[in-house]
Peer 1: 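Dumping the structure here so I can ask a few things about it.
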Amino acid sequence: MHSATCEMFLESIATDQDGVTAAEASYVTESIRVDYDGNRLSKSDLRDALSTVGYTAYLRDDAVGAEADGNATTSTGTTRRSREMSGLRKRRSDDMMDARYILGVVFGAFLMVPYVALLYPSHLAALYSGGPLQHFEGSFVDGGGLLFMRVYFVLTGIVLYFTGMPLLRGAYVSLKMRRPNTNLLAAITIVSAYLYSTVAIVVGYGDIYYDLVLVIAALVMGAIFYESSIKQRAMDRLTELTISQVDSARRYDADGTTTDVDVGDLESGDRVLVRQGERIPVDGVLADGGCTVDEAVVTGESLPVSKRAGDDVVGGSVVTADAAVVRVGDRTSSSIDRLTTTVWNLQSADHGIQRRADRLAGTVTPVIVAGAALVGVIAFALGTGLTGSVLASLAVLVVACPWALGFATPLSIATSIEAAMERGIVVFDETVFERLRDIDVVVFDKTGTLTRGQMDVLEADGPDDLLAAAGVLERRASHPAADAIVSAFGRPATRAEPDDDTIRATGDGGTIGGADSSRVQSQTQESDRLTDFESHSNGVEGTVDGERILVGHPDLFAERGWSIDDSIQTRVLEARGFGRLPIVVGRDGHAEGVIVVGDEPREGWEETVTRLHDRGIDVIVLTGDDEEATDFFSRQAAVEHVFAGVPPAGKTATIRRLRADNQVTMVGDGTNDAPAIAEADLGISLGSGTALASDAADIAIADDDLEAVETAFDLASAARRRVEQNTRLALVYNVIAIPIALVGLLNPLFATAAVAVSALLVAANSSRRLLEE
């Protein structure tokens with residue numbers, strides 16, 4: 001689908017089917033949701049009904065055309081981008097269309113040779129001798145020329161079929177839906193020129209405009225295919241930025257071995273092994289031992305979470321330390337699966353916006369058609385006869401219809417999308433720029449969007465030997481800040497790799513493969529330094545080099561009876577005020593230092609929100625973190641509001657409330673942000689984000705450059721100027737052709753020259769840089 005007209009047409013086709021109660025199409029997602037009675041209508045019948053007039057429908061669960069015979073196979077992907085990229089049969093159809101277009105252009109170029117070599121010189125000679133060439137007598141077409149032009153009638157029709165059929169199909173759909181668009185404007189000119197030439201041959205006139213048919217069809221379809229190729233490049237760029245959903249799992253079998261199975265084959269109660277660094281495929285309960293998981297992809301929380309046997313785990317989260325044995329819950333699906341369904345429902349319920357040029361077409365088409373009819377009636381009344389009045393009406397349509405809008409519009413769209421991609425901004429929907437100009441509220445997710453999304457040691461205050469001892473101790477820990485502390489103060493780690501995948505027993509009778517259970521170990525000499533270790537819910541304790549070391553939350557020090565100086569208490573409070581995590585370190589009963597761990601804001605975030613604020617846009621921060629982690633942002637003058645502790649469902653509800661009185665953009669990177677991104681009037685995802693977040697977005701920032709968000713607004717303004725300029729230049733053809741026609745000098749040479757001038761001006765303007773560096 002290419003426009004809002006496509007949406008209306010397919011919705012009408014669907015609702016005409018017996019058993020269909022509702023249909024909602026979206027050309028942005030190239031999808032249609034249909035509510036129907038399965039007892040009265042089958043899926044295949046519905047699919048066949050929607051595969052009409054050049055559209056090809058696929059069931060959502062189909063991986064289209066993977067086999068040579070074109071039969072569909074089942075797919076696990078459900079996001080629209082993955083479905084689009086797996087559309088092998090669709091791509092073969094597109095390739096065939098491209099080949100037909102190229103063949104038609106090449107053949108049409110040969111048909112232009114007689115015009116250039118014979119017809120155009122004849123028209124120039126006729127003008128030089130005192131008037132236009134009106135009849136065949138005395139021209140190159142005298143005698144056998146009439147037969148030659150009749151052959152041209154057939155050959156031009158063949159080229160039009162190969163080259164311009166998608167254009168004519170778009171015009172037909174717009175007529176059927178009574179919603180004129182730029183396809184219709186171009187089709188009116190092409191068909192009128194073809195009919196005029198055909199009638200002229202019959203009556204013996206020499207003004208044969210088959211060349212106009214060939215040139216305009218080639219230009220308009222060339223611009224449409226160029227737009228399509230740029231969008232395909234943008235889609236290909238997105239595949240480089242996203243990660244896949246979990247579609248397989250490692251299930252424990254009754255004999256204690258593991259088997260890789262599809263996630264869909266899991267049943268409630270099955271046990272699944274998840275190695276360190278892997279995603280948990282489904283929601284469930286940790287069956288044995290302990291591990292650390294990063295749930296930010298689903299919950300938005302920036303800190304990893306420690307899990308113990310019996311704790312719930314979220315499908316889609318990542319095991320960051322230890323291996324996990326997960327007992328599958330009652331619902332054999334993950335939170336990501338449910339978020340995917342939510343995004344699908346939100347996206348496919350949103351209609352696209354009719355393009356500005358299409359709205360203009362809807363205004364001028366009735367006027368032009370009425371004017372042509374009026375001219376024909378007047379000509380008939382003046383005694384020209386039926387043939388003369390028909391030619392007069394067709395001539396008006398040829399010279400007055402602004403066909404070049406059908407050329408300028410896709411060219412403007414393509415060059416704007418291409419300019420955005422050059423700056424790392426991936427755009428798929430041409431209405432994005434138009435919608436972006438209306439935005440008055442920008443909502444930023446915090447973790448991974450305004451911040452880098454990873455924990456690092458930001459500051460450390462304490463004796464070097466104590467900080468090094470903390471690194472030794474934390475190597476055995478699994479609390480959220482452990483990796484950051486080890487990275488900053490511990491020695492390089494090695495991994496104990498077993499020689500085989502031997503199976504060892506677990507506490508609940510299960511087994512874990514030896515390779516899966518291997519953990520990060522310290523070097524031999526560093527292990528010798530640690531002689532005792534104890535893990536607490538809010539820190540760790542142990543003996544390093546004979547000294548008792550405590551690392552953790554200030555409350556842990558109070559619980560253990562260790563003293564904390566006022567200076568350290570003050571440092572802890574200051575760190576919390578900036579949304580960071582302070583960790584106290586001490587030895588032998590006394591706190592001696594503070595390690596500050598946190599997720600740092602992205603570079604340039606303040607400049608970005610400030611420039612958006614200066615545009616008159618309200619900036620809001622929305623996050624699942626608590627208020628302490630967001631206090632730093634709330635103190636910035638450019639930030640209007642900060643909403644903290646908001647779960648994914650709450651994010652969507654917040655965006656919905658904001659949309660009640662505003663045009664809202666949501667900027668995020670995580671899967672948990674996807675429903676909110678889809679719910680917003682316009683969604684933006686960062687390139688480091690998940691597939692689902694990028695899938696839900698209208699704009700993807702390829703290079704994680706937060707400043708590109710503000711650049712997108714600049715591009716939107718520049719794109720509007722480009723469209724307005726090209727629209728005016730597209731009318732140059734009519735400005736040239738109409739006066740020439742009024743003085744009776746219009747002929748194929750002048751008409752084609754007007755086409756060339758208008759097309760060259762539009763192409764030259766489109767080739768200019770959209771934004772100055």
Side-chain angles (χ1 to χ4, degrees), residues 276-277 291-294 296 301-306 318-322 447-448 451-495 519-530 533-536 538-545 547-554 556-557 562 564 567-568 570-587 590-603 625 628-629 632 688:
Q276 181 176 326
C291 66
T292 303
V293 297
D294 181 354
E301 294 288 347
S302 59
L303 298 177
V305 180
S306 297
V318 180
V319 177
T320 59
D322 299 327
T447 304
T451 66
R452 292 181 300 175
Q454 63 183 36
M455 301 296 291
D456 294 304
V457 172
L458 308 178
E459 301 176 25
D461 182 16
D464 290 343
D465 62 331
L466 178 59
L467 297 178
V472 173
L473 197 61
E474 290 289 1
R475 194 176 295 281
R476 292 282 302 275
S478 60
H479 69 75
D483 288 343
I485 295 174
V486 171
S487 177
F489 306 113
R491 294 185 180 182
T494 60
R495 178 178 293 276
R519 297 188 55 192
V520 175
Q521 303 290 335
S522 64
Q523 294 181 343
T524 303
Q525 60 269 36
E526 193 165 280
S527 297
D528 293 340
R529 299 174 60 191
L530 180 62
F533 177 80
E534 184 177 354
S535 178
H536 302 281
N538 51 2
V540 291
E541 183 178 2
T543 302
V544 179
D545 296 334
E547 296 180 313
R548 196 63 179 172
I549 306 297
L550 187 63
V551 182
H553 194 277
L556 177 61
F557 278 72
W562 289 45
I564 302 180
S567 60
I568 292 180
T570 300
R571 186 70 191 89
V572 168
L573 294 175
E574 289 175 350
R576 286 179 178 173
F578 280 89
R580 298 167 178 173
L581 178 64
I583 299 171
V584 181
V585 294
R587 59 185 159 191
H590 181 70
E592 297 183 24
V594 177
I595 299 174
V596 179
V597 179
D599 183 9
E600 278 286 82
R602 287 181 183 272
E603 183 178 351
D625 288 345
E628 286 186 352
F632 173 74
S688 63

Peer 1: Quick one: side-chain contact (heavy atoms from CB on, under 4.5 Å) partners of Ala591, sequence neighbours excluded?
Peer 2: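 Expected list: Phe557, Ile564, Ile568, Val584.
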Peer 1: For Ala488 and Val457, work out which heavy atoms get closest and say how close.
Peer 2: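 Looks like CB-CG2, 3.7 Å.
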Peer 1: Checking Asp465 against Arg587 for the salt bridge (Lys or Arg N to Asp or Glu O under 4.0 Å) test, could you report, in this order, the C-alpha distance in whole Å, the side-chain angles of both residues, the deciding distance, and whether it holds?
Peer 2: CA-CA 11 Å; Asp465 62 331; Arg587 59 185 159 191; 2.8 Å; yes
Peer 1: How far does CD1 of Ile595 sit from CG of Leu467, to the nearest 0.5 angstrom?
Peer 2: 5.0 Å
Peer 1: So, for Val551 and Leu556, which heavy atoms are closest and what is the spacing to 0.1 Å?
Peer 2: O-CD2, 4.0 Å
Peer 1: What pair of heavy atoms forms the shortest contact from Val594 to Pro582, and how long is it?
Peer 2: CG1-CB, 4.3 Å
Peer 1: Among residues at least two apart in sequence or on other chains, which ones pass side-chain contact (heavy atoms from CB on, under 4.5 Å) with Asp456?
Peer 2: Arg452, Gln454, Leu458
Peer 1: Does Glu603 have any side-chain contact (heavy atoms from CB on, under 4.5 Å) partners at least two apart in sequence or in another chain, and if so, which?
Peer 2: none
Peer 1: If you compare all heavy atoms of Arg602 against all heavy atoms of Thr451, which two are closest, and at what distance to 0.1 Å?
Peer 2: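 That closest heavy-atom pairing would be NE-O, 3.3 Å.
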Peer 1: Suppose we screen for salt bridge (charged side-chain N to carboxylate O under 4.0 Å, His left out). Which residues come up paired with Glu541, at least two apart in sequence or across chains?
Peer 2: Arg548, Arg560
Peer 1: Tell me the closest heavy-atom pair linking Ala470 and Val585, and the distance in Å.
Peer 2: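 The answer is CB-CG1, 4.1 Å.
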Peer 1: Would you check if Ile549 and Leu466 make a side-chain contact, meaning some heavy-atom pair closer than 4.5 Å?
Peer 2: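 Side chain of Ile549 against side chain of Leu466, heavy atoms only: contact under 4.5 Å found.
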Peer 1: What distance do Thr543 atom OG1 and Glu534 atom CD have between them, rounded to the nearest 0.5 Å?
Peer 2: 10.0 Å
Peer 1: Which atom names give the shortest non-hydrogen contact between Val486 and Gly471, and what distance separates them?
Peer 2: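 Where Val486 meets Gly471 most closely, the heavy atoms are CG2-O, 3.8 Å.
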